[in-house]
Chemist: 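Here's a structure for you.
Lettering of chains follows the sequences in order, A, B, ..., and the numbering in each one begins at 1.
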Amino acid sequence: MPRLDSANTATRPTKLGLGFFRASAAEVARALIGKVLVRHVEGVRLRARIVETEAYLGPQDLASHSSRGRTRRTETMFGPPGRAYVYLIYGIYDMLNVVVGTEGEAHAVLIRAAVPLDGWEAKLTGPGLLARGFGVTRAENGVTVTGKELYFQTSPGYRPNIAITPRIGIEYAKEWKDAPLRFVDENAIT
DNA sequence: GCGTCGATGGCA
DNA sequence: GCCATCGACGCG
């Protein structure tokens with residue numbers, strides 16, 4: 001009797017490759033719910049299951065930084081997918097995003113919250129705290145998210161219960177403020 | 001429990 | 001003069 005492949009892959013997390021990030025921002029944002037963010041830094045491995053994301057589209061999306069055009073800050077967004085777009089907000093917090101879609105499109109997914117794994121104690125209940133908890137700062141702007149220090153994994157056997165809502169903190173974005181581009185895992189307590 | 005507000009810096 | 005935020009504070 002042959003061993004079932006699905007039984008194999010169902011027990012071991014696999015790393016998400018570049019292809020995963022070539023889809024639309026909404027698709028990637030939704031697909032990242034329940035996946036695991038992994039960070040290797042200074043000999044330590046940090047892992048957390050993603051429970052909240054938001055999709056930011058190209059220049060037409062008034063909530064997206066790309067709507068202000070290609071500038072020094074947004075340069076990474078307009079680059080190839082599969083890289084981290086990290087910027088400072090309110091002078092205090094760094095935000096971790098992943099560039100997705102195709103190069104030049106400037107679509108990105110904001111990682112907003114996660115649940116720490118492996119006994120790691122951390123508060124990752126918002127984008128500012130998440131980046132801080134993972135030690136991600138603007139120094140990581142432009143690094144690949146399919147490398148050794150920062151990457152995503154599947155979470156075999158985990159089934160998120162996904163809710164879709166408007167994005168947070170973008171009241172200024174006119175007709176885009178109500179766009180259903182925020183994805184939340186209802187299994188998690190937020 | 002909820003609303004309000006200050007911190008703090010890069011950006012257009 | 002804005003912010004893709006957070007936590008502290010004041011209510012009652």
Side-chain angles (χ1 to χ4, degrees), chain A residues 21 23-35 37 39 46 48-101 104-116 120-143 145 150 152 160 162-186 188-190:
Chain A
F21 302 99
S24 76
E27 286 177 278
V28 176
R30 183 187 181 104
L32 276 179
I33 298 296
K35 298 297 190 297
L37 176 60
R39 171 113 168 105
L46 305 173
R49 187 161 34 82
I50 296 164
V51 300
E52 183 182 353
T53 60
E54 282 175 359
Y56 286 86
L57 312 187
Q60 79 278 15
D61 177 3
L62 295 179
S64 177
H65 289 172
S66 60
S67 70
R68 317 286 291 232
R70 188 169 188 154
T71 67
R72 177 140 77 260
R73 179 172 69 158
T74 60
E75 189 61 28
T76 302
M77 268 192 97
F78 285 86
R83 293 189 187 178
Y85 169 48
V86 187
Y87 66 91
L88 182 72
I89 190 67
Y90 301 118
I92 303 176
Y93 299 103
D94 289 294
M95 299 279 165
L96 172 60
N97 301 250
V98 180
V99 180
V100 303
E105 205 175 26
H107 289 207
V109 173
L110 172 64
I111 314 298
R112 288 189 57 90
V115 175
W120 177 29
E121 309 241 348
K123 207 175 162 199
L124 308 173
T125 57
L129 295 179
L130 182 140
R132 174 182 292 176
F134 273 98
V136 169
T137 70
R138 280 163 293 161
E140 277 68 44
N141 184 39
V143 305
V145 298
L150 187 63
F152 295 87
I162 299 176
I164 307 177
T165 80
R167 293 169 291 181
I168 303 297
I170 55 154
E171 290 304 303
Y172 60 88
K174 300 185 178 173
E175 71 269 21
W176 283 89
K177 75 180 169 62
D178 294 319
L181 293 174
R182 174 173 173 254
F183 302 85
V184 185
D185 185 355
E186 297 276 273
I189 305 164
T190 319

Chemist: Taking only heavy atoms on the protein side, list every residue of residues 70-80 of chain A lying under 4.0 Å from any atom of DNA chain B, sorted numerically.
Modeler: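 Only A:Thr71, A:Arg73 qualify.
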Chemist: Do the side chains of A:Leu46 and A:Leu37 get nearer than 4.5 Å, heavy atoms only?
Modeler: no
Chemist: Could you pick out which residue, A:Gly69 or A:Leu88, lies toward the 5' side of DNA chain B when each is mapped onto its nearest nucleotide?
Modeler: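 Comparing both residues, the 5'-ward one is A:Leu88.
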Chemist: For A:Arg68, does the CZ atom sit with more than 12 other heavy atoms under 6.0 Å from it, leaving out its own atoms?
Modeler: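 No, because the 6.0 Å sphere around CZ of A:Arg68 holds 12 heavy atoms or fewer from other groups.
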Chemist: Which part of the nucleic acid, if any, lies within reach of A:Lys177 when heavy atoms closer than 4.0 Å are counted: base, sugar-phosphate only, or nothing?
Modeler: nothing
Chemist: Can any side-chain N or O of A:Thr74 pair as donor or acceptor with the backbone N or O of A:Gly69 at less than 3.5 Å?
Modeler: yes
Chemist: Starting at the 5' end of DNA chain B, write a dot or bracket for each base, bracketing those in Watson-Crick or G-U wobble pairs whose two distances are under 3.5 Å and using | for partners on another strand.
Modeler: |||||||.|||.
Chemist: Give the first and the last nucleotide of DNA chain B, reading 5' to 3', that has any atom under 4.0 Å from a heavy atom of chain A.
Modeler: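 Listed 5' to 3', the contact boundaries are B:dA7 to B:dA12.
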Chemist: Please list every donor-acceptor pair under 3.5 Å in which a side-chain atom of residues 79-96 of chain A meets a protein atom from a residue at least two apart or in another chain.
Modeler:
{"from": "A:Tyr85", "atom 1": "OH", "to": "A:His65", "atom 2": "ND1", "distance (Å)": "2.8"}
{"from": "A:Asp94", "atom 1": "OD1", "to": "A:Arg138", "atom 2": "NE", "distance (Å)": "3.4"}

Chemist: Say you draw a straight line from OG of A:Ser67 to CG of A:Leu57; how long is it, rounded to the nearest 0.5 Å?
Modeler: 10.5 Å
Chemist: Taking only the C1' atom of each, what is the distance from C:dG7 to B:dG10 in whole angstrom?
Modeler: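 After rounding to an integer number of Å, I get 22 Å for this pair.
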Chemist: State the CZ-NE2 distance between A:Phe78 and A:His107, to the nearest 0.5 angstrom.
Modeler: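 Reported to 0.5 Å precision, the distance equals 9.5 Å.
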Chemist: How would you give the extent of chain A contacts on DNA chain C, as first and last nucleotide 5' to 3' within a 4.0 Å heavy-atom cut-off?
Modeler: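 It runs C:dC3 to C:dG7.
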Chemist: If you measure from CD1 on A:Ile168 to CG on A:Leu110, what distance do you get to the nearest 0.5 Å?
Modeler: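 Here the interatomic distance stands at 10.5 Å.
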Chemist: Looking at every strand, decide which applies to A:Arg138 at a 4.0 Å heavy-atom threshold: base, sugar-phosphate, or nothing.
Modeler: sugar-phosphate
Chemist: So A:Arg70 and A:Glu75, do their side chains get closer than 4.5 Å, heavy atoms only?
Modeler: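 Yes; the side chains approach each other to less than 4.5 Å.
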Chemist: Please report the interatomic distance CD1(A:Ile111) to CZ(A:Phe134), rounded to the nearest 0.5 Å.
Modeler: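 Those atoms lie 9.5 Å apart.
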Chemist: If you look at every strand shown and take non-hydrogen atoms under 4.0 Å, does A:Ile170 touch a base, only sugar-phosphate, or nothing?
Modeler: sugar-phosphate
Chemist: Under a 4.0 Å heavy-atom cut-off, which of residues 90-98 of chain A touch DNA chain B?
Modeler: A:Tyr90, A:Gly91, A:Ile92
Chemist: Supply the atom-to-atom distance A:Glu175 CD to A:Asp61 CG, rounded to the nearest 0.5 angstrom.
Modeler: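 A:Glu175 atom CD to A:Asp61 atom CG measures 9.5 Å (nearest 0.5 Å).
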Chemist: Indicate yes or no for a side-chain donor-acceptor contact from A:Ser64 to the backbone of A:Pro59 under 3.5 Å, with no hydrogens or angles considered.
Modeler: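 Checking the backbone N and O of A:Pro59 against the side chain of A:Ser64, no donor-acceptor pair under 3.5 Å is found.
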